[in-house]
Each structure stands twice: as C-alpha cells, then as structure tokens.
Amino acid sequence: MPVAELTRNAVHVLPTGALETKLELGRPLRVKLGIDVTSPDIHVGRGIPLQRMRAFQDEGHTGILIVGDYTTRIGDPSGRSTERPILSDEEIDRNAETYVEQALQIIVPERTEVRRNSEWLAGLSFADVIQLTRMMTVAQMLERDDFAGRYAGGQPISVSELLYPLMQAYDSVAVEADIELGGTDQLYNLLAGREVMQAYGLEPQVVLTTPLLMSWDGEKMSSSVGNNIPLTASPEEQFGRTMRISDDLLQEWYRLVLEERLSVDSEPLDAKLALARRIVARSHGEEAAVAAEGHFTRVVREGRAPDDVPEHPLPDGDTLHLPAVLSDAFGLSTSDARRLIAQGGVKVEGRVVEALDIPRAELAGALVQAGKRRFVRLTS
RNA sequence: GCAGGGAUUCCCGAGUGGCCAAAGGGGGCGGGCUGUAAACCCGCUGGCUCAGCCUUCGGAGGUUCGAAUCCUCCUCCCUGCACCA
C-alpha cells in the first residue's frame with residue numbers, strides 16, 4: 001500500500017520505519033485522533049488531521065475519534081501562554097455532539113469508532129492516577145516550550161495542566177491505538193502516549209503529526225482567536241473568510257487543505273476564489289458554493305447590496321433618531337452608530353447621511369448600509 | 001509560614017491626588033487606495049436621551065472639596081526564603 005499516500009503532508013512520522021512495520025501486520029490499524037471540545041466548531045485547520053484519518057480509512061483501517069470530554073475539563077496547555085478557561089459540563093456535552101457530526105463530514109462513519117474519554121478517565125481511582133503520574137518527571141514536563149515559557153515568564157501553571165499529556169496518553173492505552181494523529185503542536189503529547197503505552201505493556205503507537213494551518217492573521221487557525229473557518233459556518237461566511245487569507249498562504253492552503261499543488265504562476269485572485277469555492281462545496285455542496293461566490297462578487301467586490309437583504313421594522317414617530325434605528329437594526333451601541341454616521345459609514349439608499357434625525361418618510365422602505373458589508377431594508 | 005512584587009478599559013501595557021474615559025502598541029471598526037487579500041495613509045475605538053450626563057482602573061470600606069493614584073481589610077497571582085513531612 002502506498003505509504004506516501006498515508007503520510008502525505010505529515011511533519012513527523014515516528015519512530016522511523018514503525019509505520020511500515022504496523023502496516024505489515026495486515027490487519028486494520030486503529031488510528032486515533034483526539035479532539036478537544038472547547039468550542040462548538042471544527043474548523044478547516046482541524047480538518048487536516050481528519051483528512052489523514054480519512055486516508056487511512058480508505059485503506060481499510062479504523063478511525064478512533066476520541067471526544068475529549070473529560071480532558072476538556074483541564075484544557076490542553078499545548079502552545080498556550082495562559083491557562084484555558086474551564087467549560088461547564090453542559091457546554092462540553094453540547095460541543096461534543098456537534099463535533100462528531102462535523103468530523104463525519106470528512107471521515108468515513110462506517111469505519112469510525114467514536115469514544116468519549118470520560119468512559120475510562122472518569123473511573124480511574126486516585127491510586128491509578130498516581131501510578132500514571134509516576135511515568136513522567138517534572139523536568140520532562142518543563143522541557144516543553146510552552147511550559148518552559150510560562151514558567152520563566154512567571155505565568156501560573158497548575159498541576160492539573162501537567163496531567164493533561166498523561167490523560168491523553170492514557171486514552172491511547174484505553175483504545176489500544178496503533179497510530180495517533182495530531183497537529184505538530186501535539187508532538188509532545190503524542191510521544192508521551194508511547195511512553196505510557198509501553199509502561200502498560202502495550203506496543204507503543206506510531207506518531208504522525210500534520211502541520212498547523214496558518215490563518216489570515218499569520219497565527220495558527222484557532223477557534224478561540226476567531227481566525228477560523230468553521231465547517232458549520234454559512235456558505236457566505238466560509239467564502240468570505242477564505243478570501244481573507246493572504247496571497248502568500250495560497251500554496252500552503254492548496255497543499256494542506258485540498259491536498260493539491262497550486263502552480264506557482266497562478267493568478268492569486270483566481271486561485272483564491274477557486275479555493276474558497278472548494279471549501280464551501282465540501283460543507284455545503286456545489287450549488288451553495290456557486291451562490292456564495294456570487295454573493296462575494298456582488299457584495300464585497302462590487303460593493304452592492306446582496307439579493308436577500310434582511311428587513312427591519314421602523315419604530316413609531318415622524319422624525320426618527322438614526323443612531324437608535326441603526327443600533328436596533330445592526331446590533332450596535334448607539335455610540336457606535338453615531339461614530340459610524342460621523343465617519344460617513346452610513347448610507348441610506350446609496351447616499352451618505354450626516355443628519356442624526358431623519359423624517360420617517362425618508363427611511364420607510366429604504367435600503368440602509370452600515371460600513372461596507374452590512375445592509376438592512378427598513379420597513380414601516 | 002515569612003518577606004517582597006503585582007491585579008488598569010477587548011489584549012498587552014503606561015499612569016502615584018485634580019489637566020484621566022485614562023499614554024503607547026495590538027486587535028477591531030470607518031474612510032481612502034486596490035485584483036480578493038496584504039501593504040500603505042487618515043480617523044474612530046466605555047455607555048447614554050451625546051457640545052451634556054452616567055459608569056469604569058481585582059473586591060469592600062475609609063481619608064479628601066476631589067482617588068486608578070493615599071489608608072484599612074479581603075480575594076487572587078508571581079518571586080525568594082523557609083518547610084522535606
């Protein structure tokens with residue numbers, strides 16, 4: 001079987017030769033990927049290791065999707081400069097549900113086992129936990145850049161965070177993983193899994209990492225930062241967000257997201273439009289993708305109102321206070337609305353308005369634009 | 001436990017009695033430029049019934065005509081020392 005296909009785009013495949021050895025076993029391998037449920041959405045960047053899982057499934061292997069409902073209570077410290085916020089149990093459950101649904105957009109449901117790590121972690125006794133903690137030293141933990149940085153910078157590191165890699169490692173024990181996938185930021189955690197598996201008398205897993213996808217702001221794509229493209233976002237939203245990435249990222253996105261090569265001399269604009277279309281099509285289908293592009297062309301490139309402008313009722317009165325109307329219609333504070341008007345960012349029927357109080361007749365039925373992309377049709 | 005340092009507006013971070021709704025940067029927003037993006041330039045960035053008023057500087061009290069700035073207590077964080085059970 002084509003190993004190159006399975007390890008496409010991989011950064012680390014460790015240890016060397018171990019994957020080949022596993023493949024020679026001739027049985028379906030158990031390919032694990034753990035996901036944190038800190039936010040309700042999977043985004044395009046998180047899709048990358050899922051695409052690897054898909055590749056394994058296409059070769060007949062089994063995907064083990066671990067929903068980190070229990071680990072989310074602690075929060076993965078990887079790459080973090082501060083502690084993560086703690087989510088409520090209800091939020092975790094809600095997120096877990098939508099997560100799986102989205103992941104199944106990419107992976108093959110029939111060859112996927114979905115497991116929650118509370119299944120085994122919740123039942124561990126204190127003695128079990130102690131045994132687990134013996135497998136790693138504080139010095140090993142503090143070697144990690146993220147911990148080292150926080151420690152040196154006087155930032156708090158709670159002991160519970162140190163437990164995170166061990167919990168994730170224990171997941172591998174529980175599901176007897178043959179391979180664990182993850183972003184490059186997971187390398188430490190994945191390798192910890194090997195150590196722990198060995199200590200529990202299991203054949204250690206092969207570790208395969210994929211690159212982190214950089215977003216338009218030059219940071220890694222992350223739900224908490226907000227520079228993400230959620231698989232659940234609307235077609236227009238996905239399209240627009242994709243178009244925000246810088247031209248420099250195009251090659252990388254083609255390689256990682258589409259798993260294709262983009263020829264170096266392509267027109268950036270055309271390439272990006274095609275990329276956006278493909279990303280939307282994956283979540284919403286071809287038709288939606290074409291519509292999303294139409295919307296983008298019309299609203300963003302040509303600066304015209306979209307086809308379907310939301311309507312908003314006008315309040316009573318003969319003279320209307322525009323800031324109040326805008327704040328109501330667009331969900332702004334009236335102060336924000338005033339600033340928008342003062343800066344010439346508000347148009348009624350295509351004309352910039354300066355007045356704060358406007359006769360009702362001028363607003364009734366009018367198309368109102370706030371900034372470049374927000375539109376509303378006022379109804380009386 | 002002892003000693004010292006710290007908590008500021010979305011984030012980082014200045015500010016030690018009035019000139020502070022609070023410097024600067026980031027982010028965001030608006031405008032310009034443009035092929036989407038980026039870069040660049042200008043402006044804005046607590047709220048409101050907006051030339052005025054109201055609420056903010058970890059929490060609660062207090063001093064003062066006046067406090068983010070001073071005092072008291074509390075909460076949380078960091079560092080060093082001590083502790084080695």
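First the proteins, then the strands, lettered A, B, ... as listed; each starts at 1. Values reported hereafter were calculated over all heavy atoms of this structure, with side chains retained and with hydrogens, waters and symmetry mates removed.
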Counting primed atoms plus P, OP1 and OP2 as sugar-phosphate and everything else as base, spell out the protein contacts along nucleotides 46-51 of chain B at 4.0 Å heavy-atom distance: B, S or - for each nucleotide, 5' to 3'.
-SBSB-

Would you mind pulling out the nucleotide paired to B/G27, Watson-Crick or G-U wobble, both distances under 3.5 Å?
B/U45

Taking atom CD of A/Q105 as the centre, report whether more than 12 heavy atoms of other residues, nucleotides or ligands fall under 6.0 Å from it.
yes

What do you reckon, is CG of A/D270 surrounded by more than 12 foreign heavy atoms closer than 6.0 Å?
yes

Show me the protein contacts with nucleotides 41-43 of chain B, counting only N or O atoms at under 3.5 Å.
residue : atom : partner : partner atom : Å
B/G43   : N2   : A/Q343  : OE1          : 3.1
B/G43   : N2   : A/Q343  : NE2          : 3.3
B/G43   : N3   : A/Q343  : OE1          : 3.0

Salt bridge (Lys or Arg N to Asp or Glu O under 4.0 Å) partners of [X], counting only residues at least two apart:
X      : result
A/E259 : A/R8, A/R52
A/D171 : none
A/R301 : none
A/R194 : none

Of all of residues 366-376 of chain A, which get a heavy atom below 4.0 angstrom from RNA chain B, listed by number?
A/G371, A/K372, A/R373, A/R374

Output the residues of residues 229-255 of chain A in contact with RNA chain B, where contact means a heavy atom of the residue under 4.0 Å from an atom of the strand; sort by number or write none.
A/M243, A/R244, A/I245, A/S246, A/D247

Can you tell me how far [atom2] of [N] sits from [atom1] of [X], to the nearest Å?
X      : N     : atom1 : atom2 : result
A/M214 : B/A37 : CE    : C1'   : 18 Å
A/L340 : B/G30 : CG    : P     : 7 Å
A/N227 : B/C11 : CG    : C1'   : 15 Å
A/W216 : B/G27 : CH2   : C1'   : 13 Å
A/L269 : B/A37 : CG    : C1'   : 9 Å

May I ask you to decide if A/G63's main-chain N or O and A/R30's side chain share a donor-acceptor pair within less than 3.5 Å?
no

Would you say A/S215's side chain and A/N227's backbone share a donor-acceptor pair under 3.5 angstrom?
yes

Check side-chain contact (heavy atoms from CB on, under 4.5 Å) between A/T209 and all other residues, then give those that pass, not counting sequence neighbours.
A/V11, A/H12, A/T184, A/L187, A/L190, A/V207

Test of understanding: with side-chain contact (heavy atoms from CB on, under 4.5 Å), list the residues that count as partners of A/E237, not counting sequence neighbours.
A/A233, A/S234, A/R241

N/O donor-acceptor pairs under 3.5 Å from side chains in residues 342-358 of chain A, not counting sequence neighbours:
residue : atom : partner : partner atom : Å
A/E349  : OE2  : A/L367  : N            : 2.7
A/D357  : OD1  : A/H321  : ND1          : 2.8

Could you report the tightest heavy-atom contact between A/V368 and A/F330, atom names first, then the distance?
O-CZ, 3.9 Å

For nucleotides 20-25 of chain B, which of its nitrogen or oxygen atoms have a protein nitrogen or oxygen under 3.5 Å away, and what is each distance?
none

Mind checking whether A/Y170 and A/Y200 have parallel, tilted or perpendicular rings, split at 30° and 60°?
perpendicular

